[in-house]
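Working notes, beginning with the structure itself.
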There are 2 protein chains.
Amino acid sequence: MDKTLEILKAISDRSRLRILMLLYIRPLCVCEIQDVMQITISTVSKHLSILKNVGLVSDEKDGKWVNYFLNKDTQDTILQQVVLMLPMWLSGDREIENDKMKVINVDRIQICSTNLA
Amino acid sequence: MDKTLEILKAISDRSRLRILMLLYIRPLCVCEIQDVMQITISTVSKHLSILKNVGLVSDEKDGKWVNYFLNKDTQDTILQQVVLMLPMWLSGDREIENDKMKVINVDRIQICSTNLA
DNA sequence: TCTTAATTTCGTTATATAACGAAATGAGAA
DNA sequence: TTCTCATTTCGTTATATAACGAAATTAAGA
């Protein structure tokens, strides 16, 4: 039950659901997610590590950024089903839709430069 | 997202997962669940109210007892899928299997009498 | 090598929630 | 109505966890 519980707890958080739904669109770096969600970078990073620990998300170096992406082709049955269900369970949600609109226009180069200014 | 989150949080708890899995077997009263799980009656009652609030469980008066039962024929799509998935996600779990063994021999009349002694 | 910049980790604070025991509730039986 | 007893509610305590800012880390590029 531990594994199942760990997965369920990982997806039982508003911020992490938002992050996951963003990752359905495309891989994102921490600062892009931060820009869309308007929460601290350290908080985003923490959420991503939780999602990574349960296997829902993986990461990959890309220049000076770290790309986080949804683990769509996981071998784990529970994770497979979770990845399949979440978009259905959250379809039409306002907050999610709003996030998705925002992420389209997000450019990591601009964001990271802007953060310094 | 609120509704989805509420359901996810309801099933992201070890005690509530154990309770749900017991209710797959048959309707149970609070004291029967208490006897199997060895936690306080008030705690069991609280968990059941959470499960009831999200629609996973319903209750029904039966003499001096209240029977709680799994809402297997819910109209809610998310709940339907949760009810379908949980037994798969928890199949073979030791703690759950142990609970199931215990609940077979549970008799509410004996328990409630015994509790007083 | 040194600097820069994205990310992670750490320490703290605030909030949420699980569990308990005691008291209140409420329905059936006398 | 009064008593009994299963259940719920309340108040408290302990633990878990989300969020933040600052400091540490780490890798890329000069």
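Chain letters run A, B, ... following the sequence lines, proteins first and then strands; every chain starts at 1.
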Atom CG of B/D62 and atom P of D/dC5 are separated, to the nearest Å, by 18 Å

- So does B/T40 get a side-chain nitrogen or oxygen closer than 4.0 Å to the phosphate oxygens (OP1/OP2) of C/dG21? yes

Only one of B/L28, B/I39, B/V36 passes side-chain contact (heavy atoms from CB on, under 4.5 Å) with B/V44, and that residue is B/I39

Just to be sure I understand the rule, does B/S15 reach a base, reach only the sugar-phosphate, or reach nothing, if contact means heavy atoms closer than 4.0 Å? sugar-phosphate

Test side-chain contact (heavy atoms from CB on, under 4.5 Å), reference B/R16, set B/L48, B/V57, B/I11, B/I50, output is B/I50

Between CD of B/Q34 and C1' of C/dA19 the distance, given in whole Å, is 13 Å

Here the distance between atom P of D/dT7 and atom CD of B/E60, to the nearest Å, is 14 Å

When rounded to whole Å, the NZ to P distance for the pair B/K61 and D/dT7 reads 8 Å

In whole angstroms, the gap separating P of D/dT7 from NZ of B/K52 amounts to 12 Å

When rounded to whole Å, the CD1 to P distance for the pair A/I11 and D/dT17 reads 15 Å

Looking only at C/dA6, D/dT7, C/dT7, the nucleotide nearest the A/I41 side chain is C/dT7

CG (A/L8) and CZ (B/R14) are apart, to the nearest 0.5 Å, by 11.5 Å

- Query: At under 4.0 Å, does any side-chain N or O of A/R16 touch on OP1 or OP2 of D/dA18?
  - Reply: yes

Side-chain atoms of B/W65 come closest, of D/dC20, D/dT7, C/dT7, to D/dT7

Closest heavy-atom pair, B/W89 versus A/V82, reported as atoms and distance to 0.1 Å, is CH2-CG2, 4.0 Å

In this structure, CG of A/L70 is separated from CE of A/M21 (nearest 0.5 Å) by 9.5 Å

Atom CD1 of B/I33 and atom C1' of D/dT7 are separated, to the nearest Å, by 12 Å

N or O in side chain of B/T43 less than 4.0 angstrom from C/dA18 OP1/OP2:
no

B/K64 atom NZ is separated from D/dT7 atom P, nearest whole Å, by 10 Å

ask   = Below 4.0 angstrom from OP1 or OP2 of D/dT17, is there any side-chain N or O of A/H47?
value = no

Of the candidates C/dG21, D/dC20, D/dA18, the side chain of A/I50 sits closest to D/dA18

